[in-house]
Amino acid sequence: QVQLLESGGGLVQPGDSLRLSCVLSGRAFSAGTMAWFRQPPGKDREFVAAIKRSSGVPTYANSLKGRFTISRDRTWKTLDLQMNNLKPEDTAVYYCAATGRVLITSSLAGDREYDNWGQGTQVTVSS
């Protein structure tokens, strides 16, 4: 059984930084692609960033490039999201997701491509 557990959320002020972490457990599971999504209040879930085992090259939502950085440890059991210069519009529940498949780039932003999800961690950016 695969479990994803996010941590690191909280209440911060605009301009602050925050680092989210996601720990993957499940002895028989090997992640091919891992990602972060978020769901702002009253809106649909949206893609934040993803990283594939095959290349290790990250992919970001265009609107977040330059402020967010996704990274993983060498065992692919921990996925982090460094968020800098946070804005009120970054307020959302942030979810970690994983699939055993190595997704093609055009599929990375599709939440239906991911089989495993964490419970989410709340990030609130407010002055």
Side-chain angles (χ1 to χ4, degrees):
Q1 183 177 357
V2 179
Q3 288 189 325
L4 298 170
L5 182 62
E6 304 97 336
S7 63
L11 172 63
V12 297
Q13 294 187 339
D16 285 352
S17 296
L18 205 59
R19 189 175 186 90
L20 306 182
S21 288
C22 171
V23 177
L24 185 153
S25 60
R27 193 179 307 172
F29 181 78
S30 178
T33 307
M34 297 186 75
W36 287 97
F37 286 77
R38 68 184 185 182
Q39 186 165 18
K43 297 185 179 180
D44 292 335
R45 189 160 55 191
E46 62 187 32
F47 174 73
V48 173
I51 190 164
K52 298 189 286 188
R53 181 185 287 270
S54 58
S55 66
V57 175
T59 300
Y60 298 95
N62 287 334
S63 62
L64 300 177
K65 285 180 181 178
R67 292 196 301 122
F68 287 21
T69 303
I70 189 173
S71 62
R72 68 347 179 243
D73 72 337
R74 62 181 181 86
T75 67
W76 283 83
K77 294 296 186 182
T78 301
L79 184 73
D80 290 340
L81 183 69
Q82 177 67 39
M83 305 184 293
N84 297 328
N85 190 22
L86 283 162
K87 304 176 181 181
E89 52 264 41
D90 294 319
T91 294
V93 178
Y94 284 73
Y95 296 93
C96 176
T99 175
R101 297 175 295 135
V102 177
L103 300 177
I104 59 174
T105 301
S106 60
S107 296
L108 290 173
D111 58 357
R112 296 183 181 182
E113 300 288 346
Y114 298 85
D115 313 299
N116 304 284
W117 292 84
Q119 299 276 46
T121 185
Q122 176 71 46
V123 173
T124 303
V125 185
S126 175
S127 55

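For the atom pair CG of L81 and OG1 of T121, the computed distance is 11.0 Å after rounding to the nearest 0.5 Å. The CD atom of Q122 sits 9.5 Å away from atom CG of L11, with the distance rounded to the nearest 0.5 Å.
The backbone N or O of A31 lies less than 3.5 Å from a partner atom in the side chain of R53, making a donor-acceptor pair. A donor-acceptor pair under 3.5 Å is absent between the side-chain atoms of N85 and the main chain of R67, judged by distance alone. Not a single donor-acceptor pair under 3.5 Å links the side chain of Q119 to the backbone N or O of E6.
Scored by the side chain to side chain donor-acceptor pair (under 3.5 Å) test, T99 finds D115 as partners (sequence neighbours excluded). Residues satisfying the side-chain contact (heavy atoms from CB on, under 4.5 Å) criterion with S63, sequence neighbours excluded, are A61.
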Go through the steps for L79 and L24 under the test side chain to side chain contact (heavy atoms under 4.5 Å, CB included), then give the verdict.
CA-CA 8 Å; L79 184 73; L24 185 153; over 6 Å; no
Should R101 and S107 be marked as a side chain to side chain contact (heavy atoms under 4.5 Å, CB included) after you check the CA-CA gap, both sets of side-chain angles, and the distance that decides it?
CA-CA 11 Å; R101 297 175 295 135; S107 296; over 6 Å; no
Are D90 and R38 close enough, and set up right, to give a side chain to side chain contact (heavy atoms under 4.5 Å, CB included), and what steps lead you there?
CA-CA 9 Å; D90 294 319; R38 68 184 185 182; 2.9 Å; yes
Side chain to side chain contact (heavy atoms under 4.5 Å, CB included), that's the test. Do W76 and I51 meet it? Break it down for me.
CA-CA 10 Å; W76 283 83; I51 190 164; 3.9 Å; yes
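F29 and M34 fall within the same hydrophobic cluster, where Ile, Leu, Val, Met, Phe, Trp and Tyr residues are linked whenever their side-chain heavy atoms come under 4.5 Å apart, directly or through other members. When hydrophobic clusters are built by joining Ile, Leu, Val, Met, Phe, Trp and Tyr residues whose side-chain heavy atoms come closer than 4.5 Å, directly or via intermediates, V48 is grouped together with V12.
No more than 12 heavy-atom neighbours from other residues, nucleotides or ligands sit within 6.0 angstrom of CD on Q1.
Using modelled atom types and a 3.5 Å distance limit, the side chains of Q82 and D80 yield no donor-acceptor pair.
Annotation for V93: hydrophobic cluster partners, listed by chain and number, are F37, F47, Y95, L103, L108, Y114, W117 (ILVMFWY side-chain heavy atoms under 4.5 Å, direct or chained).
Closest non-hydrogen pair, A35 versus A50, comes out as CB-CB, 3.7 Å. N84 approaches S17 most closely through the heavy-atom pair OD1-OG, 3.0 Å.
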